[in-house]
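For reference, the structure is listed below as structure tokens.
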Amino acid sequence: MVIIIMGVSGCGKTTVGRALAQQLGVPFFDADDYHPAANVAKMGRGEPLTDADREPWLARLHGMIGEWVGEEMEEITAVFACSALKKTYRDQLRGSLDGVVFVYLAGDFDLIWLRLAARQGHFMKANMLQSQFDTLEPPTAVEALTIPITLSPAEIINQILHQAFA
């Protein structure tokens, strides 16, 4: 099973994903690390990516996820952090793979704005947050586990582990 931690920039995907992967002793992958240089440059200029920009990136991530989905569905084999803001993006990441679980870290604009404003050295700037919320298609309960970011990272991880195997 591969866990994909999703949500807008600043919701805690990387923090939670790294901690979960470390606790489980499995690899962690941050989807941002696999963006082509052109995408990073575009975001660095404050320009939102288009679906065409994302297409090859999502295809590459799908291939990586396919390599990590294990035969044992009861065992988590990797953790990915990826915004996966639209249903079509989540569908492309999952494809026909079994054993992919999305976890949506849900939070409100004001809290996430504060987090991004305090962040340094990241290509995603706080002024791009509105475009992320405009793009966001929150997943349904069937599509993903939804966990509020008002919980601590440890509490979020406990919720993931409890709900992923419920």
Side-chain angles (χ1 to χ4, degrees), residues 1-24 26-44 47-70 76-107 109 112 115-116 119 121-126 128-149 153 156-157 159-161 163-164:
M1 175 187 316
V2 170
I3 302 285
I4 300 176
I5 311 290
M6 61 154 293
V8 298
S9 187
C11 71
K13 295 181 300 290
T14 301
T15 299
V16 169
R18 278 192 181 130
L20 176 61
Q22 183 177 10
Q23 183 173 327
L24 295 171
V26 300
F28 170 75
F29 301 94
D30 190 328
D32 287 344
D33 295 339
Y34 299 93
H35 269 294
N39 286 7
V40 175
K42 190 172 186 178
M43 290 183 286
E47 299 174 35
L49 297 179
T50 65
D51 287 352
D53 294 327
R54 287 184 181 92
E55 175 67 33
W57 172 67
L58 291 167
R60 181 178 182 193
L61 294 173
H62 172 74
M64 292 174 64
I65 292 164
E67 292 176 18
W68 285 100
V69 170
I76 298 171
T77 54
V79 176
F80 281 74
C82 182
S83 56
L85 298 176
K86 289 184 177 181
K87 183 179 185 327
T88 56
Y89 304 162
R90 296 186 292 272
D91 290 347
Q92 185 173 356
L93 289 168
R94 178 181 283 125
S96 62
L97 299 171
D98 290 326
V100 177
V101 175
F102 285 92
V103 175
Y104 170 44
L105 299 184
F109 183 91
I112 295 173
R115 288 181 175 189
L116 283 177
R119 186 189 279 184
H122 192 273
F123 63 80
M124 179 58 116
K125 306 300 181 217
M128 289 189 63
L129 182 60
Q130 187 60 55
S131 72
Q132 292 233 319
F133 271 92
D134 291 346
T135 301
L136 177 64
E137 297 171 0
T140 65
V142 171
E143 216 184 330
L145 308 173
T146 298
I147 301 175
I149 66 168
I156 292 171
I157 289 168
Q159 288 287 319
I160 292 169
L161 295 174
Q163 292 182 42

Please tell me if the side chains of I112 and I149 come closer than 4.5 Å, counting only heavy atoms from C-beta onward.
yes
Can a donor-acceptor pair be found, under 3.5 Å and without considering hydrogens, that links the side chain of Q132 to the backbone of V8?
no
Closest contact, heavy atoms only, A106 versus T146
CB-CG2, 3.9 Å
Min side-chain heavy-atom separation D32-T14 under 4.5 Å
no
Any side-chain to backbone donor/acceptor pair from N39 onto L49? Under 3.5 Å, distance only.
no
Looking only at heavy atoms, which two atoms of I157 and A19 are closest? And how far apart?
CD1-CB, 3.5 Å
Side chain K13, main chain G7, donor-acceptor under 3.5 Å:
yes
Can you tell me how far the CD atom of E143 sits from the CG atom of D91, to the nearest 0.5 Å?
6.5 Å
In sequence, state the C-alpha distance, the side-chain angles, and the governing distance for L20 and V26, and then conclude on side chain to side chain contact (heavy atoms under 4.5 Å, CB included).
CA-CA 9 Å; L20 176 61; V26 300; over 6 Å; no
CZ (R90) and CZ (F102) are apart, to the nearest 0.5 Å, by 7.0 Å
Is the backbone N or O of W68 less than 3.5 Å from a side-chain atom of T77, with the two atoms forming a donor-acceptor pair by type?
yes
Can you find a pair of side-chain heavy atoms, one from Y34 and one from C82, that are under 4.5 Å apart?
no
Considering residues, nucleotides and ligands other than Q22, do more than 12 of their heavy atoms fall under 6.0 Å from its CD?
no
Within-4.5 Å side-chain heavy-atom neighbours: V16 and I160
yes
Which pair of heavy atoms, one from P153 and one from T15, lies closest together, and at what distance?
CG-CG2, 4.3 Å
First locate atom CE of M6, then atom OH of Y89, and finally report the distance between them rounded to the nearest 0.5 Å.
11.5 Å
To the nearest 0.5 Å, what is the distance between CD1 on I147 and SG on C11?
11.0 Å
Carefully, step by step, assess V101 and M1 under the rule side chain to side chain contact (heavy atoms under 4.5 Å, CB included).
CA-CA 7 Å; V101 175; M1 175 187 316; 3.6 Å; yes
On a heavy-atom basis, the closest approach of I3 and I5 is CG2-CD1, 3.7 Å
In short, H62 meets L93 closest at the heavy-atom pair ND1-O, 2.8 Å
Can you find a pair of side-chain heavy atoms, one from F80 and one from V100, that are under 4.5 Å apart?
no
Quick test of your reading: applying ring pair (Phe, Tyr, Trp, His ring centres under 6.0 Å), list the pairs with at least one residue in residues 2-24, sequence neighbours left out, ordered by first then second residue.
none
Atom NE2 in H35, atom CZ in R60: separation rounded to 0.5 Å?
11.0 Å
Rounding to 0.5 Å, atoms CG (L24) and CD1 (I76) come to a distance of 5.0 Å
